[in-house]
Amino acid sequence: MPIFLYNTLVKTNQEFKPLHDGKVLMYNCGPTVYSHPHIGNFRSFLFADTLRRCLEFKGFAVTQIMNITDVGHLLEDQDEGEDKMEMAARREKKDPRQIAQFYTDEFMEITGLLNCLPASKYPRATEHINEMIELIQKLIGRGYAYVVNNAVYYDITKFPGYGKLSGNPLDQLQAGARIEVHPDKKNPMDFALWKHDPKHAMQWDSPWGKGFPGWHIECSAMSAKYLGETFDIHTGGEDNIFPHHECEIAQSEGASGKKFVNYWMHVRHLLVDNEKMSKSKGNFYTIKDILNKGFSPMALRYLLTSTHYRQPLNFTLESLGAAQTAVQRLLDFRARLQEQALPAPDGQPGAETISCVIDNAITKFENAMDDDLNISEALAAVFDFMREANKLSLDKTGSARLLATFDRFNVVMGLKIEEKGLLDSEIEGLIRQRNEARKNKDFAAADKIRNDLKSKGIVIEDTPQGMRWKKI
RNA sequence: GGCGGUGUAGCCAAGCGGUAAGGCAACGGUUUGCAAAACCGUGUAUCUCCGGUUCGAAUCCGGACGCCGCCUCCA
């Protein structure tokens with residue numbers, strides 16, 4: 001069955017058809033590494049991961065490129081504002097490169113904690129300055145850009161398609177509404193490809209003198225290098241639609257004369273307690289904030305991915321708690337299947353019954369994901385599947401089949417499966433003592449040991465098939 | 001001013017013309033030595049409000065109200 005994806009470019013669902021059979025070329029706008037990533041950032045990155053997983057579930061081989069923005073980006077106007085890297089560097093009394101490295105490391109760590117599959121490559125902007133310069137030269141050569149005072153600007157009037165992604169009619173944009181229009185620009189909406197500012201800490205040599213790249217050029221340069229001039233999918237947060245992605249299109253299509261991206265996908269910003277997340281409102285959470293409160297990374301992953309990516313997910317600590325419980329149920333279910341700890345092989349269902357449960361679930365799950373990643377409906381299929389499975393008495397083969405099915409769903413859900421590991425001898429000894437006590441009907445002693453074990457993070461469950469334990 | 005989204009039970013959230021999925025929480029029950037897990041059952045949801053279209057609307061149209069996004073560097 002084909003998968004349908006919502007394409008911002010045409011504002012509707014389209015059947016996904018890759019450029020090359022069975023392969024997907026995808027670029028995700030990644031982090032700007034100047035501060036701790038927050039839950040909103042990771043809604044976007046987790047969407048990219050889920051999309052990639054979903055495409056792999058569908059059988060595609062995905063090449064995934066996620067950029068690391070480690071340069072530039074002024075907070076205000078180009079010659080006056082503060083650079084994020086520099087500001088962070090001053091705040092933390094470090095070199096801008098150290099800042100970038102520190103937050104890149106943190107980003108990679110969190111990516112792992114949240115069980116994101118590693119992208120094929122994480123190219124850094126600062127390692128592709130030459131590619132950017134070449135691209136800018138190409139744009140100048142083709143008449144799309146002009147040089148003024150050691151800087152280069154893109155001449156927006158040369159690219160009639162400007163505005164096609166965002167739907168912003170050029171003549172309606174309020175140029176200068178938020179920032180002053182730079183006097184060197186021919187048109188108010190022209191944007192910088194290469195900037196000149198002697199005060200800037202990070203400088204590179206260029207044909208136009210020392211300077212640094214504009215914000216948008218890195219994605220055009222790096223996507224072309226790793227994916228080609230035309231590729232399948234480009235993702236980002238909804239705020240990237242304009243101006244960032246609009247400018248990328250102008251740059252890439254201006255330089256290549258070819259279509260840049262076939263499918264543009266954008267993630268809606270999340271809300272916290274039904275309001276925009278902001279530091280001043282006190283509802284601003286970094287990923288580390290959440291984990292430090294004791295929530296599991298998988299609970300966070302589940303919550304951030306379980307709402308459709310184009311809906312305004314409302315993040316609350318209460319719903320994060322609910323997510324944690326739901327994840328626990330999913331993982332417990334899988335563990336029981338793996339241990340074949342479901343009810344006794346007594347009146348086992350036929351293979352046909354099991355097939356029916358599996359086929360229903362897979363059909364419902366896949367149909368949901370095919371519909372522009374309707375994850376909520378897909379998860380409903382998983383929970384229905386789990387309930388049906390829990391009712392069955394299973395033998396080894398049945399358990400294995402259900403386990404394989406769960407793991408197929410988990411290709412998309414991305415829950416980290418921890419190996420149970422072994423118990424240390426002290427714990428094993430306690431468990432033996434408890435079993436002995438129970439055998440002797442000394443329930444007081446048995447319950448005391450059970451409580452002791454719980455305080456050590458080991459939960460004991462007595463089932464008709466015997467005792468089982470799990471770590472919490 | 002221009003462009004756009006959204007409002008569904010205590011909380012989160014699907015459904016987008018045929019009469020309300022799923023998760024969490026809560027309350028009963030089965031099971032258990034007691035638990036846990038699991039299973040079964042329980043939710044009168046004025047689908048923000050007011051009009052309209054339709055045999056029929058949470059779903060389409062108009063209006064009101066709330067919340068939110070973009071309009072040059074915020075995912």
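These numbers come from a predicted model, not from an experiment. Each chain gets a letter, A, B and so on, in the order its sequence line appears, and its residues count up from 1.
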For B:rG5, does OP1 or OP2 lie under 4.0 Å from any side-chain N or O of A:Lys11? no
Can you tell me if NZ on A:Lys441 sees more than 12 non-hydrogen neighbours from other groups inside 6.0 Å? no
Looking at A:Asp332 and A:Arg329, does any basic side-chain N land under 4.0 Å from a carboxylate oxygen? no
Flag yes if more than 12 heavy atoms outside A:Lys448 fall under 6.0 Å of its NZ atom; otherwise flag no. no
Rounded to whole angstrom units, what separation is found between the CZ atom of A:Phe242 and the C1' atom of B:rU72? 7 Å
Less than 4.0 angstrom between a side-chain N/O of A:Asn374 and OP1 or OP2 of B:rG15, yes or no? yes
Can you measure A:Gln311 atom CD to B:rG69 atom C1' for me and round it to whole angstrom units? 13 Å
When every nucleotide of nucleotides 25-34 of chain B is labelled 5' to 3' by its protein contacts under 4.0 Å (heavy atoms), B for base, S for sugar-phosphate only, - for none, what sequence of letters results? S-------BB
Pairing of A:Lys158 and A:Asp155 as salt bridge, 4.0 angstrom limit: yes
Do NZ/NE/NH1/NH2 and the carboxylate oxygens of A:Arg438 and A:Asp442 come within less than 4.0 Å? no
Run the salt-bridge test on A:Arg336 and A:Glu339 with the 4.0 Å N-O cut-off and return the result as yes or no. no
Describe the nucleic acid contact of A:Glu461 in one word from base, sugar-phosphate, nothing, applying a heavy-atom distance below 4.0 Å. base
Check every strand shown and say whether A:Gly236 touches a base, only sugar-phosphate, or nothing at a heavy-atom separation below 4.0 Å. sugar-phosphate
Looking for any heavy atom pair under 4.0 Å, which part of the strands does A:Leu271 touch: base, sugar-phosphate only, or nothing? sugar-phosphate
Quick one: is A:Arg310 getting a side-chain N or O under 4.0 Å of the B:rG4 phosphate, OP1 or OP2? no
For A:Asn314, which contact category applies under a 4.0 Å heavy-atom criterion: base, sugar-phosphate, or nothing? sugar-phosphate
Would you mind telling me which of B:rA14, B:rC11, B:rC68 lies closest to the side-chain atoms of A:Glu318? B:rC11
If you take atom types as modelled and just measure distance, does the side chain of A:Lys195 reach the base of B:rC73 with a donor-acceptor pair under 3.5 Å? yes
Tell me what A:Arg387 touches on the nucleic acid: a base, only sugar-phosphate, or nothing, going by heavy atoms under 4.0 Å. sugar-phosphate
